[in-house]
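A short write-up of the structure that comes next.
Letters go in sequence order (proteins before strands), and every chain restarts at 1. Fair warning: this is a prediction, and the values are worked out from it, not measured in the lab.
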There are 2 protein chains.
Amino acid sequence: MHRPATAPIFLAPIMRQADPGEVLFLEGDPCEYVYELRHGIARGVNISVEGERQITAFFFAGDQIGLPIAEAYRFTAEAVTELCFVRYSRPCWIEVFIRSCCEQGRLLPSICAEQDPIFRRGIIVGRYGVLARICAFLISVIDRLPEKEGMRVFPLPRVDIAAYLALAPESVCRGFRQLREMGIIAMPQRDRLRLEDRQGLEAIASGAQI
Amino acid sequence: MHRPATAPIFLAPIMRQADPGEVLFLEGDPCEYVYELRHGIARGVNISVEGERQITAFFFAGDQIGLPIAEAYRFTAEAVTELCFVRYSRPCWIEVFIRSCCEQGRLLPSICAEQDPIFRRGIIVGRYGVLARICAFLISVIDRLPEKEGMRVFPLPRVDIAAYLALAPESVCRGFRQLREMGIIAMPQRDRLRLEDRQGLEAIASGAQI
DNA sequence: CGGGGTCTTGATTTCATTCAAAAATGGTGG
DNA sequence: CCACCATTTTTGAATGAAATCAAGACCCCG
């Protein structure tokens, strides 16, 4: 299991659980804890005044989320699947952070690890075309999904993928079908996925015409 | 090195300049310097393999960009207008960063200040509709534009706005026209802008139907 | 006073959303 | 184990919005 370089420094904390849909923390709340995912998938959610819901990132086992970079959390974090996680209090996390800054002289994978998915999502959503977005999305998640009997476990609801890609759920569905018909992916069930043609996927993701 | 407590955090560095279009640093290059803008506007650019160009952020006077959060810069930085800036070497910046972490116990506006615009852009681009995106964009920049004779100086090329909003330049143009006709903004010249109806702007930005 | 670039406008085409409905899935209780 | 229901997913057809295509206007600079 992937784990950030800071993890071993912490004392073993209590392992906690969350059910699908459960909220870990709310956008705007003061950053009290940093959450470290051990198992399962979480989503970062932002809701506009008018109720438009965007998923700004998906997070996986090994990710730390809710870093106290600002005073308040910048997104709401919810469990997508059953979740196992631990959490560190803000002062405790900052202490470890600073120590590891001093020792290693670099600003830590941890900050990067939370910011990067958000950054990448911006670029994915900025692409033209349903297929390009879906492919770019798949590339960014496929390697972090657990494997089972030669297939990736892909438990993300279509609605969530749509909210992440800024598309209608129907468009997501049609996109997946097209990729199946093109022989780029296999999806025998909703939540099982296998990459058949990585090159093709990458080509479409980076804007190649079909 | 001994320094009185009242001393400015950084020693006064050399003031540098850049012309429109000039590159400050390139995506992928190792983070050698942090750039602090003193005057003018810069853009963060990401180019896909196929040449699709996205502007992932605009930066203004007071912003620090190119923070060494990862080993390499995650975007290319270019001057949009004439630019004045200073820069700090990576080790120097990190030293100040850590000290200020320790003293204040918080992770600094500085990181936030670079990440936030990128985060916000993701949300803007994730919105449906040309007008909603343009309005959300205007809200995020209008207060950072310098004022002149009762109008904001708005020197961003339409092409850049389009690359930022993931729209065609023509759509940006039509959007601005519509906002003008609705009496929400005034744009007597390309690079002059006045907000006539902030509430209206905010309403459209957050998804209100017209 | 040109001339190259950016910007704006209009007409057309393309593509994604929407609307509507059917199929699949998962969970529950008999 | 099966029938039933609620929810999610998938599919098809129609609508609508933004991209594209093609000119024309404007602006800056020499």
Side-chain angles (χ1 to χ4, degrees), chain A residues 19-21 43 50 52-55 80-82 124-137 153-181 185-193 204 207-210, chain B residues 19-21 41 43 50-55 80-82 124-137 153-181 185-193 204 207-210:
Chain A
D19 291 325
R43 61 184 171 231
E50 300 276 326
E52 208 173 287
R53 180 172 172 273
Q54 290 194 42
I55 292 181
V80 177
T81 65
E82 290 286 336
I124 292 174
V125 173
R127 286 208 200 300
Y128 289 132
V130 170
L131 276 197
R133 288 192 214 173
I134 292 180
C135 290
F137 163 68
V153 180
F154 185 65
L156 302 182
R158 297 293 177 269
V159 176
D160 280 6
I161 301 175
Y164 179 88
L165 295 176
L167 296 173
E170 293 95 328
S171 300
V172 173
C173 181
R174 284 184 248 270
F176 276 125
R177 172 157 59 125
Q178 206 173 340
L179 291 177
R180 250 181 287 133
E181 287 168 354
I185 59 171
M187 278 186 85
Q189 305 165 52
R190 296 181 198 302
D191 58 349
R192 289 289 183 283
L193 177 65
I204 298 175
Q209 289 317 303
I210 310 153
Chain B
D19 291 325
I41 303 178
R43 61 186 172 230
E50 300 276 327
E52 208 174 287
R53 179 173 173 273
Q54 290 194 42
I55 292 180
V80 177
T81 65
E82 289 287 336
I124 291 174
V125 173
R127 285 209 201 300
Y128 288 130
V130 170
L131 275 196
R133 287 193 215 173
I134 293 181
C135 290
F137 162 69
V153 180
F154 185 66
L156 302 182
R158 298 292 176 270
V159 177
D160 280 6
I161 300 175
Y164 178 88
L165 295 176
L167 295 173
E170 294 94 330
S171 301
V172 173
C173 182
R174 284 183 249 269
F176 276 125
R177 174 160 57 127
Q178 206 173 338
L179 291 177
R180 249 181 289 134
E181 287 169 353
I185 59 170
M187 277 186 84
Q189 305 166 53
R190 296 184 200 299
D191 59 349
R192 288 288 184 283
L193 177 65
I204 298 175
Q209 288 318 302
I210 311 152

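Looking at A/R127 and B/Q54, their side chains come closer than 4.5 Å, going by heavy atoms from C-beta outward. In this structure, A/F176 and A/I161 have side chains that are in contact, with non-hydrogen atoms separated by less than 4.5 Å. In this structure, the side chains of B/L179 and B/C135 come closer than 4.5 Å at one or more pairs of heavy atoms.
In this structure, A/A168 and B/C173 both approach DNA chain C, and ranking their closest nucleotides by distance from the 5' end singles out B/C173. Comparing A/R174 and A/R190 along DNA chain D, the residue whose closest nucleotide (by nearest heavy atom) sits nearer the 5' end is A/R190. Each of A/Q189 and A/V172 has a nearest nucleotide on DNA chain C; the 5'-most of these lies closest to A/V172.
Residue A/R158 contributes atom CZ, which lies 14 Å from atom C1' of C/dA23 at whole-angstrom precision. The distance between atom CZ of B/R127 and atom P of C/dT17, rounded to the nearest whole Å, is 16 Å. Rounded to whole angstrom, the span from the CD atom of B/E181 across to the P atom of C/dT8 amounts to 13 Å. Here the P atom of nucleotide D/dT9 and the CD1 atom of A/I134 are 14 Å apart, to the nearest Å. In this structure, A/L131 places its CG atom 11 Å from P of C/dC15, rounding to the nearest Å. Rounded to whole angstrom, the span from the CZ atom of A/R133 across to the P atom of C/dA16 amounts to 8 Å. For B/F176 and C/dT6, the CZ to P distance is 17 Å, given to the nearest whole Å. One atom, CG of B/L167, and another, C1' of D/dA19, lie 10 Å apart when rounded to the nearest Å.
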- Item | Worked check of side chain to side chain contact (heavy atoms under 4.5 Å, CB included) between B/E170 and B/R174 | CA-CA 6 Å; B/E170 294 94 330; B/R174 284 183 249 269; 3.5 Å; yes

- Query: After noting the C-alpha distance and the side-chain angles of A/R53 and A/D160, does the key distance pass the side chain to side chain contact (heavy atoms under 4.5 Å, CB included) rule?
  - Reply: CA-CA 10 Å; A/R53 180 172 172 273; A/D160 280 6; 3.7 Å; yes

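Taking atom P on both C/dT9 and C/dG5, the two are 22 Å apart, rounded to the nearest angstrom.
Contact annotation for B/P157: backbone-only contact, meaning every heavy-atom pair under 4.0 Å involves sugar-phosphate atoms and none involves a base. Across all strands shown, B/E170 has heavy atoms under 4.0 Å from base atoms, whether or not it also approaches the sugar-phosphate.
Considering only the side chain of B/S171, D/dA19 comes nearest among D/dT9, C/dC19, D/dA19. When distances are taken from the side chain of A/V130 to each of C/dA16, C/dT8, D/dA19, the shortest belongs to C/dA16.
Distances shorter than 4.0 Å separate some side-chain N or O of A/R177 from OP1 or OP2 on D/dG12.
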